[in-house]
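The structure appears below as structure tokens.
Naming convention: chains lettered A, B, ... in sequence-line order (proteins, then strands); numbering from 1 in each chain.
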Protein chains: 2
Amino acid sequence: MVVSKRPSIKDVAARAGVSMATVSRVLSGDYPVSAQTRERVEKAVRELDYVVNAHARALHGVTAKVVALVVAEVTTPFFARIAAGVEEMASQTHRLCLICTTHADPDRELEVVRLMREQRADAVILAGGVVENDDYRERMRQYAKGLEDAGSCLVLCARPSLGPDFPGITVDYENTGGAHAAVTHLLTAGHRRILMIAGPDRLTTSDHRVTGYRSALAGYGVPFDPALVSHGPWDREGGYRRMRAILDQGTLDFTGIFAGNDGVAAGVLEALREDGKRVPEDFSLVGYDDTPSARDFDPPLTSVLVPQEELGRTAVKLATQRSSGSRREHVMLGTHLVVRKSVRPLH
Amino acid sequence: MVVSKRPSIKDVAARAGVSMATVSRVLSGDYPVSAQTRERVEKAVRELDYVVNAHARALHGVTAKVVALVVAEVTTPFFARIAAGVEEMASQTHRLCLICTTHADPDRELEVVRLMREQRADAVILAGGVVENDDYRERMRQYAKGLEDAGSCLVLCARPSLGPDFPGITVDYENTGGAHAAVTHLLTAGHRRILMIAGPDRLTTSDHRVTGYRSALAGYGVPFDPALVSHGPWDREGGYRRMRAILDQGTLDFTGIFAGNDGVAAGVLEALREDGKRVPEDFSLVGYDDTPSARDFDPPLTSVLVPQEELGRTAVKLATQRSSGSRREHVMLGTHLVVRKSVRPLH
DNA sequence: CTGTTAGCGCGTTCAT
DNA sequence: ATGAACGCGCTAACAG
């Protein structure tokens with residue numbers, strides 16, 4: 001079998017009857033070449049269907065720009081929309097967008113970051129909540145330093161900053177503030193016993209939402225009751241299971257429910273419906289993330305809007321603007337409550 | 001300012017007091033090296049925080065494998081889930097996953113495919129429906145041929161095959177069949193006047209669903225009424241607007257509605273609700289795609305499940321299994337109706 | 001086991 | 001305006 005090797009610049013040169021250098025000049029464009037030879041070269045390129053080798057080219061610093069997004073997984077809307085923002089800004093600035101998943105495995109994360117360094121990515125964006133222990137902080141510091149040394153840049157996206165001296169960029173959002181607003185909305189409506197179906201304990205994203213929940217309570221002088229907060233998986237299934245259990249137990253007293261995110265809210269709603277409970281007549285419910293589907297809920301779900309795409313866009317923008325002095329920024333994006341029909345005043 | 005250039009293999013060799021070749025050997029692993037030198041080299045690597053240059057390495061065929069997914073956009077769940085499948089299978093087979101968007105612009109598409117050739121991607125996956133004109137067919141043929149010549153591979157995903165002699169792979173799904181099943185479901189429930197809020201005219205994905213609609217009608221001996229089919233943008237907004245217009249007009253007679261996809265169904269539902277019409281009491285509704293949010297609809301939406309992630313996974317799998325003989329396959333994945341609560345028998 | 005040599009495909013000097 | 005030669009960082013072939 002004939003393995004038709006792909007043509008190199010040498011083949012083009014031979015066919016056009018010129019030197020490799022000339023071909024290179026025609027291809028890069030920014031150099032005077034006689035119309036005559038240019039035409040000959042272009043013809044040869046066409047006939048051979050030649051494309052330059054990005055790798056060979058990269059050896060001379062003429063590298064195709066690349067930004068890499070690293071997330072635990074891409075299926076959930078939250079990450080999908082961050083990815084969309086990253087991709088959008090990347091292609092706008094003529095960069096390739098590489099997407100990798102770690103499945104929350106630190107080993108895979110390490111592996112992926114190394115891979116991105118090998119690829120000479122301009123920026124590596126780590127997105128999503130984390131358990132912020134010492135091990136994590138040290139790992140991030142290493143990544144950031146390694147990337148910075150290599151002229152690249154680590155971006156922490158949708159997760160907390162690691163301090164002003166952290167050698168990387170952080171793009172976070174008003175997570176606590178959003179939760180505060182959501183719970184205050186319930187409080188304003190007269191609710192005092194507010195259940196919170198939160199995410200996993202110690203996960204920053206979830207913890208900050210609990211913090212906002214508590215501060216809102218405090219703002220109204222409502223004592224915090226730990227029994228009202230449930231930690232667990234924050235997907236639809238997790239919401240359903242925990243709401244189911246609480247209803248079955250039947251001992252908890254509450255009128256408002258704050259779901260850790262919209263997925264949880266969907267599960268909560270399903271469990272409620274099973275028991276013939278109605279929202280907002282029997283219980284008021286608020287979600288978080290303002291997933292596009294929130295408005296299709298029954299009833300349309302009041303939720304906290306997180307600017308996921310903007311987070312992604314900003315991450316790329318900050319990382320790639322070449323003011324190397326500002327490669328240690330910390331940006332905080334706003335959130336706000338989108339009021340729909342799932343909360344009603346308690347009489 | 002001191003630009004700390006990243007260390008090369010030469011620096012490592014110097015620091016470890018060995019030759020570059022030796023460093024290369026301990027790095028690649030699969031070669032006998034004395035424990036002693038190995039240790040020295042590893043120490044130097046650590047101290048310098050050295051990582052190989054993937055581009056230089058690629059010049060020797062030792063390339064990090066890459067698959068590229070090219071879609072119009074990544075925000076819609078449909079594409080996000082295909083992307084998830086592609087990413088999953090890519091990382092499983094130790095490949096990088098590159099995601100690019102074209103915004104349905106042929107020029108950008110051409111540009112992106114060329115870029116992928118430059119990057120020496122193992123496979124380029126073009127996903128999503130298209131307007132299948134001669135221009136399109138010719139373009140695909142060119143892409144496929146170019147990619148095949150370069151040892152790579154073009155995959156058409158979630159769109160029709162271009163014939164048995166097409167030099168690429170196709171991974172499509174039973175689009176027409178799914179529509180047939182959906183409409184048959186309505187027919188079985190006694191509905192005869194079935195409105196179809198379809199997608200854009202001439203777009204394969206939408207057209208095939210209309211084809212299924214017609215064949216189901218034919219199967220029941222119900223004459224096709226063109227007035228019942230509306231073409232337009234197939235997002236929530238498009239669904240809302242067109243349903244709104246039809247209701248305002250008030251001249252059309254129907255009891256069942258087949259939405260081109262779940263986004264359209266959401267819009268249809270909203271317009272219906274505005275007028276106090278209820279589903280399924282007043283109208284029966286079926287969607288398409290079985291977006292995760294379909295079950296959160298009011299009522300939970302009966303919809304056609306499209307195995308988006310499986311489409312993505314299969315595309316990568318077929319493209320990367322090295323049986324170069326089978327690089328012209330055509331695979332068709334199944335769809336099926338997920339029955340929920342949005343259809344009821346017509347008395 | 002290890003060092004030396006030769007290229008991979010390309011851009012970039014230097015000449016011409 | 002064009003060509004020859006060198007080197008980017010690395011691996012592979014060949015010696016030792």
Side-chain angles (χ1 to χ4, degrees), chain A residues 3-42 44-45 48-64 114-115 117-121 149-152, chain B residues 3-42 44-45 48-64 114-115 117-121 149-152:
Chain A
V3 180
S4 67
K5 260 195 51 60
R6 43 183 144 245
S8 86
I9 197 171
K10 191 184 289 179
D11 304 311
V12 178
R15 178 174 262 265
V18 298
S19 75
M20 291 165 47
T22 303
V23 177
S24 174
R25 281 163 189 143
V26 172
L27 261 41
S28 51
D30 52 2
Y31 205 89
V33 173
S34 82
Q36 182 98 205
T37 28
R38 166 176 304 269
E39 182 46 50
R40 294 235 309 282
V41 170
E42 279 169 351
V45 167
L48 261 35
D49 196 16
Y50 166 81
V51 295
V52 296
N53 184 327
H55 298 304
R57 182 176 257 178
L59 244 33
H60 295 271
V62 189
T63 118
R114 205 178 51 76
L115 215 56
R117 283 227 272 157
E118 294 182 3
Q119 300 292 326
R120 301 301 187 249
D149 286 350
S152 181
Chain B
V3 181
S4 66
K5 263 197 49 62
R6 45 183 143 244
S8 85
I9 197 171
K10 192 184 289 178
D11 304 313
V12 178
R15 178 174 261 264
V18 298
S19 74
M20 289 166 46
T22 304
V23 176
S24 174
R25 280 164 191 143
V26 321
L27 259 41
S28 53
D30 52 1
Y31 205 89
V33 174
S34 84
Q36 182 119 182
T37 27
R38 165 177 304 269
E39 182 47 49
R40 293 234 309 282
V41 169
E42 279 169 350
V45 166
L48 262 33
D49 196 17
Y50 165 81
V51 294
V52 296
N53 184 327
H55 298 304
R57 184 176 258 179
L59 243 34
H60 296 269
V62 190
T63 120
R114 205 178 51 76
L115 215 55
R117 284 227 270 157
E118 293 184 3
Q119 300 292 327
R120 302 300 189 249
D149 285 350
S152 181

_C/dT2 phosphate, OP1 or OP2, under 4.0 Å from B/T22 side-chain N/O_ = no
*Is there a donor-acceptor contact under 3.5 Å from the side chain of B/S24 to the main chain of B/M20?*
no
*So which one's nearest nucleotide on DNA chain C is more toward 5', A/S28 or B/V18?*
B/V18
*Of all the heavy-atom pairs spanning A/V26 and A/E42, show the shortest one and how long it is.*
CG1-CG, 4.2 Å
*asked:* At less than 4.0 Å, is any side-chain N or O atom of A/T37 found next to OP1 or OP2 of D/dA1? Yes or no.
replied: no
_Below 4.0 angstrom, which residues in residues 51-60 of chain B have at least one non-hydrogen atom near DNA chain D?_
B/V52, B/N53, B/A56, B/R57, B/L59, B/H60
*Could you tell me which residues satisfy side-chain hydrogen bond (donor to acceptor under 3.5 Å, both in side chains) with B/T63, sequence neighbours excluded, listed by chain and number?*
none
*Sub-3.5 Å donor-acceptor pair from the side chain of B/R6 to the main-chain atoms of A/A150, do we have one?*
yes
Below 3.5 Å is the cut-off: list the nitrogen or oxygen pairs between protein and nucleotides 13-16 of chain D, distance only.
unit_1	atom_1	unit_2	atom_2	d
D/dA13	N6	B/R25	NH2	2.8

*Does B/S19 make a side-chain N or O approach to OP1 or OP2 of C/dT2 shorter than 4.0 Å?*
no
_Give the residues of residues 9-17 of chain A touching DNA chain C, defined as any heavy atom closer than 4.0 Å, sorted by residue number._
A/I9
*From the list D/dA12, C/dC1, C/dT2, which nucleotide is the closest neighbour of the side chain of B/P32?*
C/dC1
Atom pairs and distances, donor-acceptor, side-chain atoms in residues 10-18 of chain B, under 3.5 Å, two or more places apart:
unit_1	atom_1	unit_2	atom_2	d
B/D11	OD2	B/S8	N	2.7
B/R15	NH1	B/E47	OE1	2.2

_Counting only side-chain nitrogens and oxygens, does B/S34 get under 4.0 Å of the OP1 or OP2 atom of C/dC1?_
no
*Quantify the bending of the helix from C/dC1-D/dG16 to C/dT16-D/dA1 as the angle between its end axes, each fitted on five pairs, to 10°.*
40°
